[in-house]
Protein chains: 2
Amino acid sequence: MDSIDLRLIDLLRENARSSYAELARKVGLSAPAVHERVGKLEAAGTIRGYRADVDHEALGLGVTALIGIIEDSGADTDDVLTAVRAMPEVESCYFMAGVESYQLTVRVGTIAELEQLIVRINRTPGVASTRTAIALSTKWENRPQPGISS
Amino acid sequence: MDSIDLRLIDLLRENARSSYAELARKVGLSAPAVHERVGKLEAAGTIRGYRADVDHEALGLGVTALIGIIEDSGADTDDVLTAVRAMPEVESCYFMAGVESYQLTVRVGTIAELEQLIVRINRTPGVASTRTAIALSTKWENRPQPGISS
DNA sequence: TCTGAGCTATGGACTCCATCGACCTACGGC
DNA sequence: GCCGTAGGTCGATGGAGTCCATAGCTCAGA
């Protein structure tokens with residue numbers, strides 16, 4: 001993990017479909033060398049995968065909301081997690097410090113669907129209550145933080 | 001935007017480095033046809049880009065937190081936004097309904113750095129107060145929600 | 001019903017890339 | 001000093017990306 005690796009990661013976070021040849025030109029190595037480095041980063045789990053970044057509105061998922069979950073005292077936290085995991089609308093899930101055990105990012109098409117989703121989460125065994133905040137607009141998301149690849 | 005487009009988007013959300021030839025095999029078209037479809041999706045802004053999904057801990061960014069910002073009454077909301085945008089630690093930024101105008105996802109290396117970041121945000125003109133919640137663990141993030149590409 | 005326009009797929013051709021193997025160099029341990 | 005290893009370059013080749021000409025399909029209008 002040297003500065004060239006960091007630079008490769010930066011470049012792939014910027015455009016994951018860059019060709020190895022292009023990456024090689026930018027970091028000043030040969031294509032096979034870059035190929036091997038990227039392969040090692042993938043094998044080590046430093047690079048977990050490559051995702052297309054889509055316009056959710058264009059796909060009919062224009063409503064984004066953040067939902068905090070407060071669990072029942074004595075609830076089995078794994079049950080809640082399993083139930084939430086089965087809901088495809090839940091894009092991200094963090095286990096939090098504080099009163100709200102989980103913080104979810106959810107993505108749905110309409111406010112009505114959001115309402116149904118909240119009801120479903122509240123009905124889940126182990127969930128005491130939820131707190132929902134709706135995003136009016138997304139200023140930016142998943143902005144890559146550049147590594148210090150001097 | 002038909003079911004083949006949706007399927008292409010799903011496949012690229014799963015693995016953005018798939019070759020056109022591979023995508024073509026999976027959707028039952030020729031590679032040039034897929035190439036043109038993906039190009040149109042990019043031009044239309046439906047596909048915004050392709051990002052490597054990295055292990056933040058391996059890059060020394062093991063601390064994730066969610067920060068809500070309450071603005072001063074009468075603050076120029078654009079000033080706050082501009083200041084926050086200039087902070088590379090802020091990975092995502094939503095403009096919210098409710099008391100907290102902005103909700104941020106931030107990524108830093110240590111709790112000490114988080115503290116410094118919170119101080120910096122609180123010092124920003126227009127910011128009345130902040131509320132920070134620390135993620136103890138990330139269950140999942142940016143999970144692609146499959147389109148209904150029957 | 002026939003016709004022409006426009007869209008989108010296919011197949012071929014050419015260029016460029018991915019990837020493998022062979023070899024070269026720097027470095028650390030014996 | 002010698003050898004083993006890690007990590008690089010170079011060259012070759014098979015396959016992919018991409019441009020282009022062409023063929024079907026849909027639909028509007030005579």
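Values reported hereafter were calculated over all heavy atoms of this structure, with side chains retained and with hydrogens, waters and symmetry mates removed.
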Peer 1: Rounded off to whole Å, could you give me the CZ-to-P distance for the B/Arg25 and D/dG15 pair?
Peer 2: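 Between P of D/dG15 and CZ of B/Arg25: 11 Å.
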
Peer 1: What distance separates A/Tyr94 OH from B/Thr138 OG1, expressed to the nearest 0.5 Å?
Peer 2: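 Output value for this atom pair is 5.5 Å.
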
Peer 1: Would you kindly confirm whether A/Leu61 and B/Ile9 end up in one hydrophobic cluster when ILVMFWY residues are joined by side chain heavy atoms under 4.5 Å apart?
Peer 2: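 Different clusters.
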
Peer 1: Phosphate oxygens OP1/OP2 of D/dA6: is one of them under 4.0 Å from a side-chain N or O of A/Lys40?
Peer 2: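 The answer is no; no side-chain N or O of A/Lys40 sits under 4.0 Å from OP1 or OP2.
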
Peer 1: Between C/dT8 atom C1' and B/Arg37 atom CZ, what is the distance in whole Å?
Peer 2: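 It is 8 Å, rounded to the nearest whole Å.
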
Peer 1: Find which nucleotide of DNA chain D each of A/Pro32 and A/Glu36 is nearest to by heavy atoms, and output the residue with the more 5' nucleotide.
Peer 2: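 Closest to the 5' end, via its nearest nucleotide, is A/Glu36.
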
Peer 1: Rounded off to whole Å, could you give me the CD1-to-P distance for the A/Ile4 and D/dA6 pair?
Peer 2: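 The distance from CD1 of A/Ile4 to P of D/dA6 comes to 18 Å, rounded to the nearest Å.
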
Peer 1: Mapping A/Ala33 and A/Arg17 onto DNA chain D by nearest heavy atom, which one lands closer to the 5' end?
Peer 2: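 Taking each residue's closest nucleotide, the earlier one in sequence belongs to A/Ala33.
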
Peer 1: Test your reading of the model: is there a side-chain donor-acceptor pair from B/Arg17 to the backbone of A/Ser18, 3.5 Å cut-off?
Peer 2: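 Flag set: sc B/Arg17 to bb A/Ser18 pair under 3.5 Å.
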
Peer 1: Would you mind reading off the distance between B/Glu22 atom CD and D/dA16 atom P, rounded to a whole angstrom?
Peer 2: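 Between P of D/dA16 and CD of B/Glu22: 9 Å.
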
Peer 1: In this structure, how many angstroms lie between the P atom of C/dA9 and the CG atom of B/Leu29, rounded?
Peer 2: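 B/Leu29 atom CG is separated from C/dA9 atom P by 6 Å.
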
Peer 1: Of the nucleotides C/dT10, C/dA18, D/dT18, which has the atom closest to the A/Ser19 side chain?
Peer 2: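 Given the options C/dT10, C/dA18, D/dT18, the side chain of A/Ser19 is closest to C/dA18.
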
Peer 1: Can you check the A/His35 NE2 to C/dT19 P distance for me, whole Å?
Peer 2: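 Result: 4 Å.
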
Peer 1: Has the side chain of A/Glu113 got a donor or acceptor atom that lies under 3.5 Å from a matching backbone atom of A/Gly109?
Peer 2: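 Here the side-chain-to-backbone pair exists.
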
